[in-house]
Amino acid sequence: MRPSERADAQVNGSLALAKSLGRSPRDVAAMVLAEIDLSEMCSATEVAGPGFINLTFADGFLAAELAAATSDARLGVRAAPVPLTVVVDYSAPNVAKEMHVGHLRSTVIGDAIVRMSSFVGHRVVRENHIGDWGTPFGMLIEHLVDLGEDAAARELSVGDLDAFYRQARVKFDADDAFKDRARHRVVMLQGGDAETLRLWRLLVAESTRYFDRVYSVLGVLLTGDDLRGESAYNDLLPEVVRRLDDAGLLQTDDGAEVVFVDGYVNRDNEPLPLIIRKGDGGYNYAASDLACVIDRLERLGADVMLYVVGAPQAQHLGMVRDVAAKAGWLVAPARMEHVAFGSVLGEDRKMLKSRAGSAVKLDALLAEAIERALAAVREKNPELPAELAAVVARQVGIGAVKYADLSTDRIKDYVFDWDRMLAFEGNTGPYLQYQHARICSIFRRAGVARDRYRGHAPSPAEPEERALLLALLQFDTAVHDALERHSPHRLCTYLYDLAAAFSAFYERCPVLRAADESVRDSRLALCDATARVLECGLGLLGIESPEQM
RNA sequence: GCCCCCGUAGCUCAGUUGGAUAGAGCGUCGGACUUCUAAUCCGCAGGUCGCAGGUUCGACUCCUGCCGGGGGCGCCA
């Protein structure tokens with residue numbers, strides 16, 4: 001069943017069915033209609049075109065459905081038939097490095113998937129796989145030692161992590177003695193030297209404090225409890241090697257321990273292995289990713305593992321998944337999926353960079369979003385008290401950035417454009433928020449409590465009322481559709497259509513000046529339902545819905 | 001060289017897994033404000049769905065081959 005332009009819904013299964021039954025599609029459609037009693041649900045049914053069944057729902061049926069939906073905290077969205085344990089791997093910034101636009105998509109898309117999954121009743125485990133281990137930490141720790149702990153902590157707490165990293169890098173490249181110390185420090189770190197670990201923890205602590213600040217501004221659910229960096233899998237790495245060896249998958253190639261996987265070749269068309277352990281004995285990220293898979297399956301009992309990671313990682317994640325399956329760890333129905341996304345581009349259609357050519361810092365970008373939103377709010381609603389304007393500016397600015405990221409198909413690159421994302425018209429965050437605020441304004445003016453209309457069955461008379469009612473009842477489908485494909489943009493498209501349906505209704509159907517009280521109540525019920533679906537839907541995307549703006 | 005992703009209106013994007021006449025927003029042009037927030041709404045114009053084949057009742061959608069853009073292809077993560 002799908003929406004139709006010629007009726008409320010169209011059923012086209014009879015076309016496919018006709019072939020196997022050896023009858024004409026129109027006959028099959030007629031048989032179906034004869035067999036099912038739709039008199040309660042539909043006011044009209046017809047066989048149309050090559051064999052479509054067009055359905056027109058009875059107004060009473062639609063009204064009752066809406067009354068049921070608005071009596072429900074989930075607004076008619078069905079719970080998942082089988083609650084699953086869903087592990088979502090997202091955000092993943094690096095310790096001692098600043099978050100930049102590259103982390104925006106993973107964080108925002110992952111957050112939306114987490115919220116939607118929880119909403120329908122899955123057990124969701126958030127995992128922030130931060131880069132907190134590996135060779136760079138040798139030089140970072142030595143640089144920290146050079147600066148002195150207090151000075152280093154001060155510098156890091158300011159948030160200028162990039163400068164700290166750069167200084168370490170410069171010394172590493174220029175100073176052989178420093179380079180030796182850094183390498184020695186890596187060995188001590190991996191060997192579990194207590195003093196080295198203490199210094200390492202200092203770096204991690206300062207960085208995660210900074211991550212928390214960014215997450216707080218951004219308004220995502222990630223907290224310190226969700227941190228599960230590469231270091232967390234350190235002890236499991238020898239186990240990974242042992243298990244792969246036991247399974248007979250491990251081979252030695254050019255001094256490295258590797259697993260060959262079918263279907264992957266290198267430049268010279270030779271089989272391409274996944275390197276588990278480097279020639280120098282060190283483990284690389286394939287090893288920790290495999291440990292991670294084991295951990296998620298065996299410790300967390302994951303049914304679904306989602307990796308919200310950029311599209312360029314497709315091959316690597318594919319290899320990890322294939323090895324995990326080949327080794328017998330990843331067994332259906334458990335599954336591992338790469339929720340891939342494209343890049344954020346600048347106006348020049350290249351990867352978004354700052355004027356200086358470096359990555360755009362995420363905190364600076366968010367600050368600019370809020371600043372721009374504040375200017376827009378002040379201009380368009382000067383009456384709003386300054387304190388409230390500041391709050392609204394944050395909600396609108398952050399909402400605009402998130403919505404711009406979420407509203408297009410995630411696999412595609414998208415062009416970052418301030419003017420477009422902050423526009424109050426079109427498929428934007430501010431537009432949806434505006435429609436919500438408009439509804440709240442009606443209730444403020446009416447002086448009635450919103451919850452009075454929960455469970456109230458509207459009586460649609462005008463086409464705009466009916467269209468809005470139909471749109472409201474599609475929330476359930478929209479949420480499940482977005483969730484199944486891990487595509488938040490599907491929910492965005494729905495919310496935009498709903499907002500547009502509301503706009504048309506608002507234009508044509510006076511609410512407070514309605515002819516009589518029953519029409520007014522019916523319309524207020526539609527208003528409340530719309531505001532709730534908008535707020536709930538935006539909430540699933542991690543976007544707030546101000547009551548005034 | 002091999003593999004992956006993308007290509008839809010001037011611009012930015014949707015298109016409900018193969019259904020009827022491909023839709024929005026912006027921009028252009030023309031309308032609607034003594035406002036339930038015009039931060040909006042209505043209308044006009046705009047298309048060889050990158051190209052060429054194939055599959056079938058039917059293809060933007062699936063298959064093959066090209067063209068163009070981006071990315072990946074063993075000891076960084």
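Numbered from 1 within each chain, the chains take letters A, B, ... in sequence-line order.
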Options [options], nucleotide nearest the side-chain atoms of [X]:
X	options	result
A/Arg349	B/U12, B/U37, B/C2	B/U12
A/Asp413	B/G74, B/G70, B/A14	B/G70
A/Met549	B/G74, B/A77, B/A39	B/A39

At under 4.0 Å between heavy atoms, what does [X] touch on the DNA or RNA strands: base, sugar-phosphate, or nothing?
X	value
A/Cys440	nothing
A/Pro510	base
A/Thr493	sugar-phosphate
A/Asn266	base
A/Ala256	base
A/Val511	base
A/Pro430	nothing
A/Ala437	base
A/Ile442	base
A/His489	sugar-phosphate
A/Gln548	base
A/Asp253	base

When you compare [N] with [M], how far apart are their [atom1] atoms, in angstrom units rounded to a whole number?
N	M	atom1	value
B/G58	B/A22	C1'	15 Å
B/G27	B/G19	P	33 Å
B/C75	B/G65	P	30 Å
B/U8	B/U61	C1'	12 Å
B/A32	B/C49	C1'	35 Å
B/C66	B/C4	P	13 Å
B/U16	B/A20	C1'	16 Å
B/U64	B/G15	P	23 Å

Once you round it to whole Å, what is the distance between [atom2] of [N] and [atom1] of [X]?
X	N	atom1	atom2	result
A/Phe260	B/C75	CZ	P	13 Å
A/Asp497	B/G15	CG	C1'	11 Å
A/Asp254	B/C75	CG	P	10 Å
A/Arg321	B/C4	CZ	P	13 Å
A/Tyr403	B/A14	OH	P	11 Å
A/Ile275	B/A77	CD1	P	10 Å
A/Arg277	B/G74	CZ	C1'	17 Å
A/Arg420	B/G10	CZ	P	17 Å

Q. Would you call the rings of A/His100 and A/His103 parallel, tilted or perpendicular if under 30° counts as parallel and over 60° as perpendicular?
A.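 Ring orientation of A/His100 relative to A/His103: tilted.
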Considering just the side-chain nitrogens and oxygens of [X], establish if one lies under 4.0 Å of OP1 or OP2 belonging to [N].
X	N	answer
A/His129	B/A77	no
A/Arg445	B/U37	yes
A/Lys412	B/G70	no

Given side chains that start at C-beta, do those of [X] and [Y] come closer than 4.5 Å, heavy atoms only?
X	Y	answer
A/Leu374	A/Arg378	yes
A/Val339	A/Asp89	no
A/Met319	A/Val259	no
A/Arg420	A/Val415	yes
A/Leu498	A/Leu472	yes

Q.
Quick test of your reading of the model: are A/Lys171 and A/Glu142 salt-bridged, counting only N-O distances below 4.0 Å?
A.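 Looking at A/Lys171 and A/Glu142, the cut-off is not met.
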Q.
What I want to find out is whether A/Asp8 reaches A/Arg466 closely enough, with some N-O distance under 4.0 Å, to be called a salt bridge.
A.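 Between A/Arg466 and A/Asp8 there is a salt bridge, with a charged N closer than 4.0 Å to a carboxylate O.
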Q. Taking all atoms of both residues into account, what is the closest heavy-atom pair of A/Gln433 and A/Gly399, and its distance?
A. NE2-CA, 4.4 Å
(Q) What does the B/S/- profile of nucleotides 17-24 of chain B look like, 5' to 3', with a 4.0 Å heavy-atom cutoff to protein? (A) B-BBB--S
Q. Can A/Arg228 be said to sit on top of A/Tyr233's aromatic six-ring, NZ or CZ under 6.0 Å from centre and within 45° of the ring axis?
A. yes
Q: Determine, stepwise, if the pair A/Tyr264 / A/Asp322 fulfils side chain to side chain donor-acceptor pair (under 3.5 Å).
A: CA-CA 11 Å; A/Tyr264 299 92; A/Asp322 290 354; 3.1 Å; yes
(Q) Apply the syn/anti split at 90° from 0 to B/U48 and say which one it is. (A)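 What B/U48 shows is an anti base, its glycosidic angle lying more than 90° from 0.
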(Q) If you assign A/Gly134 and A/Val377 each to the RNA chain B nucleotide with the nearest heavy atom, which residue ends up on the more 5' nucleotide? (A)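 Per heavy-atom nearest nucleotide, the more 5' residue is A/Val377.
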Q.
On RNA chain B, does the nearest nucleotide to A/Tyr414 precede the nearest nucleotide to A/Tyr283 from the 5' side, or the other way round? Give the residue.
A.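 Checking each residue's closest nucleotide, the 5'-ward one belongs to A/Tyr414.
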Please list, pair by pair, any protein nitrogen or oxygen found under 3.5 Å from a nitrogen or oxygen in nucleotides 40-44 of chain B.
| residue | atom | partner | partner atom | Å |
| --- | --- | --- | --- | --- |
| B/U40 | OP1 | A/Phe424 | O | 2.1 |
| B/U40 | OP1 | A/Glu425 | N | 3.1 |
| B/U40 | OP2 | A/Glu425 | OE1 | 2.8 |
| B/U40 | O2' | A/Arg438 | NH2 | 3.2 |
| B/C41 | OP1 | A/Tyr431 | OH | 2.8 |
| B/C41 | O4' | A/Glu507 | OE1 | 3.3 |

